[in-house]
Amino acid sequence: MTDMTPAISSKHRFSAVWIIPLLAALIGIWMVIHTLMNEGPTITIEFHTAEGLEAGKTKVRLLDVDIGLVEEVTLKHDLSGVVAKVKLTLQAKPLLREDTRFWVVRARVGAGSVSGLGTILSGAYIEMSPGESETRKLAYIGLELPPVTPVGAPGLRLQVFSDRAGSLSTGDAVLFRGYEVGRVEAVSFDTDQRKVRFDIFIDAPFDQLVSSNSRFWDSSGIHINASASGLDVKMGSLDTILLGGMAFDRPPALPEGEPATNGDVFNLYQSYDDILQNPYRHGTYFVVSFKQSLRGLNPGAPVEYRGIRIGRVERIMTKEIARQGVTGRGDPIPVLLYIEPGRIDIPDTQVAVQQMQAMIETGVSRGLRATLQTGSLITGQQLIYIDYFEDVEPAEVSTFANHIEIPTIETGIGRLETQVGSFLEKLNTLPLNQTVANANSTIRSAQETLESVNRLLNNQGIQNLPTELTATLADLQQTLDGFSQGGAMYQDLRSSMRLLESTIENLEALSNQLSANPNALIFPTRIQEDPQPEANR
Amino acid sequence: MTTPVTAFSKGLASCHVCLKLAPVEQHYCPRCGEALHARKPDSLQRTMALLITASILYVPANILPIMIHDQLGTSEPSTILGGVILLIELGSIPVALVIFIASVMVPLGKLFTMFYLCWSLRHGPPGSERQRTVMYRITEFIGKWSMVDVFVVAILVALVQLGGLIAFRPGAAALAFAGVVIVTMIAAESFDPRLMWDMSAKNRNNHD
């Protein structure tokens, strides 16, 4: 049994084999620590819909590098959307800022672009646009559409308001003389202003092109204008025809202007011609009321001050009349005018507009009145004419529908009456009596002349003239009677004529023979035989 | 009960290589020159160490993906249990059963059996040696079959390589799982079932 001893003692010896589990355990622990160390932050992103999002499958990518995974997709409490819980890698941690943006990349087929086709096969993923803000954040609201411009791109963000959306949509180009310098970032509707709002972004070197005097217009599609001067077709690049676009430029009539700053507001004109006609940004409304007929006064009709155009007729305020109630006493009809100080070289600013308002208010007390004038006698177009008039009843500036009302004086028919009156007055002062006396003496001398003519006609010689004429005519008749059918003269003439006729006949026969046979004069005439009928040979 | 006559009690040891019975005093096998041991040296310790290694390896083998499936640029990792669940969902229950038995039940069963055998050397109920030997035999036999999962991965990786379209890559768990299988096989190999009989003989002697 002594042999048992080594076997028992060996059990207390520490075998080298224990290194193996120790190593395995160490590697295991190291792996766990490594994983924990590389554990990235977990964030939540809200989306409207979980379309394409799959827990455990959908990746989060930045520049096509996987930086995270959607771990869980749950519904929001109020069912207004979904919340995706996303585990990001450690390297994505410094990218999570206040303005970091997330959106789902799916296959999108738009008019202008086709994107994310790869996701049809591989499934959607969440794209991230890193932020630059100082503050950190762990809960985000995802964008529904990919952002057009990355965060921090240098450039200028502007707002452009329009009455109509037209064919402009997110991503459309903003052109400067046909070159793309920016794009429409968002289109929304401003319910307060009842206008479509375009948020546009102008890329960095081109933001200098935008000034306070820049004007934006919708360059989509083709503008065709047929007029007496011919057919005028205007169009932008093919892109803007098909997809729409916005262009801007400084109208040649305007000075350089101040450089634009972020958030500046502009209006969108419907066409470039619109801008040329209305290149001014600031203006104000006035009201004028007329008791006359407004036939021929159309919206857009000129408003002139001593023949210089200072604005246009906006519209005839028929709605406001109805709202105020018709009194049935033939109330004057208000007309809304839009007057722009920029048109008469006053600076195109809001301050100038206020100055002009004040100017008009003081002007009214000095006789500034608006009148209705006929611009064209043929078409009957009317215009509003503002000027200082003398001898007008004093009037005061009032307001109508929150606009300053300029008092008016009557023109047209009203004015015609005064003109006719003055004409008649002039007529009254004419020396009519003297004229009539002159006329009387003229008539008298004419009468005398006629009387002397009458006396001449009553003379004896002139009375006998018809009898003498009759005798002469009878003599003439007698002479002619000698040549009548039964007269001797007639018979002689007749026989002579017959003789002459037979002589001429003989002469004719001779001349015929001579022309056929010229030698008949010398040789005797041979008589030709009659032709005999023959049979066919 | 009389103590059975064993080679060990006669001071003889069987050579590990050529199984020649030779006196232990000689230290080396007279036939092949291999070192002679009455029993496998440090059998219990080695077995225990390897079993613990296998247990540690078993954790990443099940947590990490065993296979990564690249399809059109999207890589989709799958774990062993995930694969089984996927197969059940797809309706291939027999295949799922095979993989579940080969990859989950067998390695686990082996680990537990081996732990039990090691523990029973000291604390096992007396008289159950025959039963425990059967357990050992089964464990030893069945051990190699748990490599099925590793083989599946190896075959798929070798066969399905259609460039960027579809491709399979082995995950980290494949290595760990192969480690589990190999380590448990070595553990079973290093376990000396004769120790069970030695223990029962010793117990009996102590009782006598």
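Every chain is numbered from 1, with letters handed out A, B, ... down the list of sequences. This structure is a prediction, so every number in the text was calculated from the model and none was measured.
- One N or O on the side chain of B:T184 and one on the backbone of B:V181 form a donor-acceptor pair closer than 3.5 Å.
- Among A:E72, A:E39, A:E71, the one residue that satisfies the side chain to side chain donor-acceptor pair (under 3.5 Å) test with A:K87 is A:E39.
- Atom OG of residue B:S190 and atom CG of residue B:L51 lie 7.5 Å apart, to the nearest 0.5 angstrom.
- Within residues 18-27 of chain A, the residues having any heavy atom less than 4.5 Å from a heavy atom of chain B are, in residue-number order, A:W18, A:I20, A:P21, A:A24, A:A25.
- Side-chain contact between A:F102 and A:I43 is present, with heavy atoms from C-beta onward closer than 4.5 Å.
- Put simply, the side chain of B:R31 does not reach to within 4.5 Å of the side chain of B:C15, judged on heavy atoms.
- No donor-acceptor pair closer than 3.5 Å links the side chain of B:T113 to the backbone N or O of B:T139.
- For a residue to count as touching a neighbouring chain, one of its non-hydrogen atoms must lie under 4.5 Å from one of that chain's; by this rule B:L64 touches chain A with the side chain only.
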